[in-house]
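Working notes, beginning with the structure itself.
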Amino acid sequence: MSAVGERTGSRATASAGGPPAVSAIPSGTGAAAGRPAPTGATRFLPRVNPVTKLAAAMLVTTPLLFTVDWVSAAIALVLQLVLFIAAGISPATMLRRTWPVLIAAPLAGVSMLLYGEPSGTEYWSFWLARITDGSIELAIAVTVRVVAIGLPAVLLFIDVDPTDLADGLAQVWRLPSRFVLGALAGARLVGLFVEDWRAMALSRRARGIGDHGALRRFATMAFALLVLAIRRGSKLATAMEARGFGADGRRSWARPSRIGWRDGVLVVIAAAVAAAAITGAIVVGAFHPVWS
């Protein structure tokens, strides 16, 4: 009777001009959130297995570590930007996600500019620092190379869930499940550090000891956070061992991790980018391996 009355009441409310009954659509879907469902290229990367994204990032970046010329890095960077934009990642998202890389790249370039191997015309010198034609070329190459290496490593993992990555590492790459589950548990706890730090800062301020001595406050809070992390990690390890996560037998997985044709396409694209970058540097005559 109560269920019938609730249904009757909701119909009467809707017919009287009141607010309609709440839909059963989950709030996280595109229809409920007012966002259009992703189509075309924007659905390509989210459907790729996380371990394939990891392999693609390694394929693109590894060849760039064996050469220090700017041509190969520039070719790889241009191709990466074109592919990421085609995949639906906007330039604003790139800037928001990769700003640490964009800050680190010029810093690495400045160090090479001042202390790189001198060659050619010398423009400025002071003690150990010397700016020459060779150091300028090396600074440009290192700056572009840091961006070209950091860009795929960051953007390919925008929407990767650590649990999905762990499933892929254990089921697709066949890594030891004990190692994978331990790493996953540790990654899940990293996000709690920020909340712990904020809670400690508020508690110290409430006791009147958090408004002076910035260096001393940082040192004591860092030590307290370290102790808290060790205690929490020990409790988590004991709980996981008690629940059988450290067993030597074959495990079963709640969510299967599979690879499909999209994974193959991404690996082929990554290999093509790396090959185009190295080939372009060789053709131009700028290829400069690190061991030469």
Side-chain angles (χ1 to χ4, degrees), residues 23-64 76-102 147-175 177 179-181 183-192 194 251-277:
S23 174
I25 300 176
S27 59
T29 59
R35 297 186 301 269
T39 58
T42 58
R43 293 191 300 179
F44 181 80
L45 284 179
R47 295 189 176 184
V48 175
N49 196 298
V51 295
T52 304
K53 296 180 182 180
L54 180 60
M58 295 172 61
L59 278 175
V60 173
T61 58
T62 300
L64 299 179
L77 181 59
V78 171
L79 292 177
Q80 290 170 16
L81 291 175
V82 172
L83 291 172
F84 281 126
I85 292 175
I89 302 177
S90 64
T93 302
M94 294 185 191
L95 290 176
R96 187 171 62 254
R97 294 284 184 170
T98 61
W99 66 265
V101 178
L102 299 179
V147 178
I149 291 175
L151 197 67
V154 174
L155 295 182
L156 283 176
F157 292 91
I158 287 179
D159 56 351
V160 170
D161 182 20
T163 304
D164 294 336
L165 179 59
D167 289 335
L169 292 175
Q171 300 178 49
V172 179
W173 285 12
R174 303 296 181 181
L175 295 183
S177 59
F179 165 77
V180 172
L181 293 173
L184 174 61
R188 289 295 189 186
L189 291 181
V190 171
L192 298 178
V194 178
R251 292 195 56 85
S252 59
W253 302 91
R255 296 185 298 183
S257 180
R258 301 184 179 91
I259 56 177
W261 65 268
R262 293 181 178 84
D263 302 271
V265 170
L266 183 60
V267 170
V268 170
I269 292 175
V273 171

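All values reported here derive from a predicted model rather than from experimental measurement.
Put simply, CG on L184 and CG on L189 are 9.5 Å apart, with the number rounded to the nearest 0.5 Å. Interatomic distance, CG of L81 versus CG of L77, reported as 4.5 Å (0.5 Å rounding). Between the CG atom in L95 and the OG atom in S90 there is a gap of 8.5 Å [rounded to 0.5 Å].
Applying the side-chain contact (heavy atoms from CB on, under 4.5 Å) test to L79 and every residue at least two apart in sequence or in another chain returns I75, V273, A276. The side chain to side chain donor-acceptor pair (under 3.5 Å) check on S257 picks up N49, with sequence neighbours excluded. Shown here are the salt bridge (charged side-chain N to carboxylate O under 4.0 Å, His left out) partners of D167, two or more places apart in sequence or in another chain: R255. Applying the side chain to side chain donor-acceptor pair (under 3.5 Å) test to T163 and every residue at least two apart in sequence or in another chain returns R188.
Using a 4.5 Å cut-off on side-chain heavy atoms (C-beta onward), Q80 and L155 make no contact. In this structure, T93 and F84 have side chains that are not in contact, with every pair of non-hydrogen atoms separated by 4.5 Å or more. A heavy-atom distance below 4.5 Å is not found between the side chains of R262 and L45.
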Check against side chain to side chain contact (heavy atoms under 4.5 Å, CB included), V101 and L151: CA-CA 8 Å; V101 178; L151 197 67; over 6 Å; no

Intermediate values then yes/no, side chain to side chain contact (heavy atoms under 4.5 Å, CB included), V48 and L156: CA-CA 10 Å; V48 175; L156 283 176; over 6 Å; no

Audit row: L169, F179, side chain to side chain contact (heavy atoms under 4.5 Å, CB included) steps and yes/no: CA-CA 10 Å; L169 292 175; F179 165 77; 6.0 Å; no

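Closest approach of P256 to Q171, counting heavy atoms only: CA-OE1, 3.3 Å. In terms of heavy atoms, P152 sits closest to A148 at CD-O, 3.0 Å. Here the shortest heavy-atom pairing between V180 and A166 reads CG1-O, 3.3 Å. Of all the heavy atoms in A277 and L64, the pair that sits closest is CB-CD2, 4.5 Å. The nearest pair of heavy atoms linking V51 to W173 is O-CZ2, 3.4 Å. Heavy atoms only, all atoms of each residue included: L266 and A56 are closest at CG-CB, 3.9 Å.
Under a cut-off of 6.0 angstrom, the local environment of CH2 in W99 is sparse, with at most 12 non-hydrogen atoms contributed by other residues, nucleotides or ligands.
Pairs engaging residues 51-60 under the side-chain hydrogen bond (donor to acceptor under 3.5 Å, both in side chains) rule: T52-D263, K53-D159 [sequence neighbours left out]. The salt bridge (charged side-chain N to carboxylate O under 4.0 Å, His left out) pairs that include a residue from residues 89-102 number zero, where partners must be two or more places apart or lie in different chains.
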